[in-house]
Amino acid sequence: MLDIRLIREQAEMVRARLRQRGGEAWTLVDEVLSLDEARRLAETEKQSLQSERNRVSKEIGMARKQGGETSGIEAEMRAMGDRVDVLGRESAELDARQEALLLSLPNLPHEGCPVGAGAEENPEVRAWGQPVVLDFVPQDHVALGKELKMLDFEAGVKISGSAFVVYRGAGARLERALINFLLDLHTTQHGYTEIAPPLLVRPEALVGTGQLPKFEDQLYACERDGLYLLPTAEVPVTNLHREEIVDPGDLPICYAAYTPCFRREAGSAGLGTRGLIRMHQFDKVELVKICLPQDSAAELEKLTADAEKVLQLLGLHYRVIELCTGDIGFGASKTYDIEVWAPGQGSYLEVSSCSCFGDYQSRRMKLRYRDAATKKNLFPHTLNGSGTALARLFVALVETHQQADGSIALPTALQPYFGAAEIRVS
RNA sequence: GGAGAGGUGGCUGAGUGGUCGAAAGCAACGCUUUGCUAAAGCGUCGUAGCCCUUAAAGGCUACCGAGGGUUCGAAUCCCUCCCUCUCCGCCA
């Protein structure tokens, strides 16, 4: 959520930055401002009447004790009470509309965010390694998964529908090995605290991180209970400190969480894609940070490096791109995407998206810290990134390390977790 | 799912219609004093919105689980809901 004071005081700047995103959000700034003005007008009038009523009510109390006659003034106060009610309703209505509008506005892109219209203008920041060179025609993970009896897409369809999969045998074991490898790496090497959160979350949590109210159609809902299946662990984990005032001495707070993620992918272009690339349910290890505003730029670099380390240890070629203003996510102010090379696909796959949200999420979820110098409650910055998404990592891993004989040679780092050096037809 | 108890400031805990944003204690912070691993005294000590202001300071309003209602006036009375705890039932 954007700071209403910032919009008031620097409307032109806010409009300009929102405009860089493309879309129509910037046109709503005027509406926010006029609502804000009307709201404050009603609020001010209501409060001065309340003040008057409080004062007179005390007088009535005292007069009654002394046996005075108060019926005339009480009638006056009754009329004033009605007026307060009307103004109260009016300002509450304006307040709700302003709140709804502010919740629907995306974050401002960071000043340093490259300006561009869409994904094709995202600059590449760096790359690691080279696309693997195979002296045979590579198979894709669907074929490998079938031959090695790791992936059963038909069973996924039978049980749950399209874009669901069943992992089995070595596939299930590989998935589990990857989860443990990732969690161990981030908790023992990178300083994150492991979290195992609930998978069903309340709407307030989704408002806090920005999925609601705007993206409800992307969520699976359990209507009877008013709960949603989480689309990412970012939601429960960032919301751990919702409506709290955290001790600045505890910052940065760094969490790592493994969860499945559930996404309806409504209207999504790639939903029909073959294989594991876009599923309604996929596993992910998520990294979340809460830090002081002045540290967030450095923390984003560290977070991204922590995610990259995964791919390096698994011997997977990748590139890091920075999202331009036209492609950056709703709540993010700066984002790096990590894309891993998948030879069976002949393309790069996004396995991590590392973002700094500035105070956008903390303002939505009323997450604050008390500034030592000014004693004021300020909003910390929040960050998160995949460390990493599992399904696509699985794809890149088996496609990169496939052998001519159809087996898969596991990277050293993964062998203790998998319990073998290779996967082959038994 | 059934029965009961309860939700007050960082914590404990008073407060059943009027100067209560809320006693007291604890914790925390600041100052003073004495000093040896601490004590005593004094002071400060919730959150948010609005007004004023360059800012600081200040003024006002709201908030005692949430939302309604009664009343000139509600932490206090009434209604609905939510949550927590205990017991019973069910259950991985």
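Letters go in sequence order (proteins before strands), and every chain restarts at 1.
- A donor-acceptor pair under 3.5 Å is absent between the side-chain atoms of A/Thr238 and the main chain of A/Val235, judged by distance alone.
- If you measure from atom CD of A/Glu59 to atom P of B/G73, you get 15 Å, rounded to the nearest angstrom.
- Ring geometry for A/His190 versus A/Tyr192: interplanar angle over 60°, hence perpendicular rather than tilted (30 to 60°).
- Within a heavy-atom distance below 4.0 Å of RNA chain B, the residues of residues 74-101 of chain A found are A/Glu74, A/Met77, A/Arg78.
- Taking side-chain N and O atoms only, A/Asn54 has no distance below 4.0 Å to OP1 or OP2 of B/C72.
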Q: Just do the salt bridge (Lys or Arg N to Asp or Glu O under 4.0 Å) check on A/Asp95 and A/Arg39 with the steps written out, would you?
A: CA-CA 6 Å; A/Asp95 191 62; A/Arg39 188 198 108 242; 3.5 Å; yes

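- Across the C1' atoms, B/G7 and B/G67 are found 16 Å apart, a figure rounded to whole Å.
- Taking atom P on both nucleotides, B/G49 is separated from B/A55 by 16 Å, rounded to a whole Å.
- Under the 4.5 Å side-chain criterion, counting only non-hydrogen atoms from C-beta, A/Val14 is not in contact with A/Leu105.
- On the C1' atoms, B/A75 is 48 Å away from B/C36, given to the nearest whole Å.
- Side chains of A/Leu94 and A/Glu43 form no contact here, defined as non-hydrogen atoms less than 4.5 Å apart.
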**Q.** Contact state string [nucleotides 52-57 of chain B, B base, S sugar-phosphate only, - no protein heavy atom under 4.0 Å]
**A.** ----S-

Please list each protein N or O that sits under 3.5 Å from an N or O in nucleotides 18-22 of chain B, with the distance.
| unit_1 | atom_1 | unit_2 | atom_2 | d |
| --- | --- | --- | --- | --- |
| B/G18 | O6 | A/Arg64 | NH1 | 3.3 |
| B/G18 | N2 | A/Ser57 | O | 2.8 |

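- Residue pairs meeting the ring pair (Phe, Tyr, Trp, His ring centres under 6.0 Å) criterion with at least one partner in residues 14-51 of chain A, sequence neighbours excluded, do not occur; the list is empty.
- Legend: residues meeting side chain to side chain contact (heavy atoms under 4.5 Å, CB included) with A/Ala342, ordered by chain and number and at least two apart, are A/Gln345, A/Leu349, A/Val395, A/Glu399.
- Screening residues 287-296 of chain A for side chain to side chain donor-acceptor pair (under 3.5 Å) gives A/Lys289-A/Glu299, A/Ser296-A/His381 as the qualifying pairs, with residues at least two apart or on separate chains.
- The ring pair (Phe, Tyr, Trp, His ring centres under 6.0 Å) test applied to A/Tyr255 returns A/His241, not counting sequence neighbours.
- We find that CD of A/Glu52 is positioned 19 Å from P of B/G59, with the value rounded to whole Å.
- One can place CZ of A/Arg55 at 17 Å from P of B/G59, the figure rounded to the nearest angstrom.
- Annotation: B/A27 and B/C11 have their C1' atoms spaced 7 Å apart (nearest Å).
- Here A/Thr232 pairs with A/Lys284 under the side chain to side chain donor-acceptor pair (under 3.5 Å) rule; sequence neighbours left out.
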For nucleotides 46-49 of chain B, print each protein N/O atom paired with a nucleotide N/O atom at under 3.5 Å, atom names and distance only.
| unit_1 | atom_1 | unit_2 | atom_2 | d |
| --- | --- | --- | --- | --- |
| B/U47 | OP1 | A/Arg370 | NH2 | 2.0 |
| B/U47 | OP1 | A/Asn377 | ND2 | 3.2 |
| B/U47 | O3' | A/Arg368 | NH1 | 2.9 |
| B/A48 | OP1 | A/Arg368 | NH1 | 2.8 |
| B/G49 | O3' | A/Arg39 | NH2 | 3.1 |
| B/G49 | N2 | A/Gln47 | OE1 | 2.8 |
| B/G49 | N2 | A/Gln47 | NE2 | 3.2 |

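- With sequence neighbours excluded, the residues that form a side chain to side chain donor-acceptor pair (under 3.5 Å) with A/Glu59 are A/Arg55.
- Contact annotation: A/Ser48 side-chain N/O to B/C60 OP1/OP2 distance is not under 4.0 Å.
- In this structure, the side chains of A/Glu24 and A/Leu28 stay at 4.5 Å or more apart for every pair of heavy atoms.
- Nucleotides B/C45 and B/G10 have their C1' atoms positioned 11 Å apart, rounded to a whole Å.
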Taking only distance into account, with no hydrogens and no angle test, what donor-acceptor pairs under 3.5 Å do side-chain atoms of residues 414-423 of chain A form with protein atoms, sequence neighbours excluded?
| unit_1 | atom_1 | unit_2 | atom_2 | d |
| --- | --- | --- | --- | --- |
| A/Gln415 | NE2 | A/Leu410 | O | 2.8 |
| A/Tyr417 | OH | A/Asp184 | OD2 | 2.8 |
| A/Glu422 | OE1 | A/Arg424 | NH2 | 3.4 |
| A/Glu422 | OE2 | A/Arg424 | NE | 2.7 |
| A/Glu422 | OE2 | A/Arg424 | NH2 | 3.4 |

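- The gap from the P atom of B/G21 to that of B/C63 amounts to 10 Å, rounded to the nearest Å.
- The CG atom of A/Leu18 lies 8.5 Å from the CG atom of A/Asn107; values are rounded to the nearest 0.5 Å.
- Between the P atoms of B/A48 and B/G6, the separation comes to 32 Å (whole Å).
- Across the protein-nucleic acid pair, A/Asp247 atom CG and B/A27 atom P stand 19 Å apart, rounded to whole Å.
- Consecutive Watson-Crick or G-U pairing (both distances under 3.5 Å) extending over three or more pairs maps onto RNA chain B as B:1-7 with B:82-88, B:10-12 with B:24-26, B:28-32 with B:40-44, B:46-51 with B:58-63, B:65-69 with B:77-81.
- Of the possible polar contacts, none joining the A/Asp140 side chain to the A/Gly344 backbone as a donor-acceptor pair under 3.5 Å is found.
- Comparing the same atom, C1', in B/G17 and in B/G4 gives a spacing of 29 Å after rounding to whole Å.
- Side-chain contact between A/Leu390 and A/Leu182 is present, with heavy atoms from C-beta onward closer than 4.5 Å.
- A tilted orientation is assigned to the rings of A/Phe164 and A/Tyr220, their planes being inclined by 30° to 60°.
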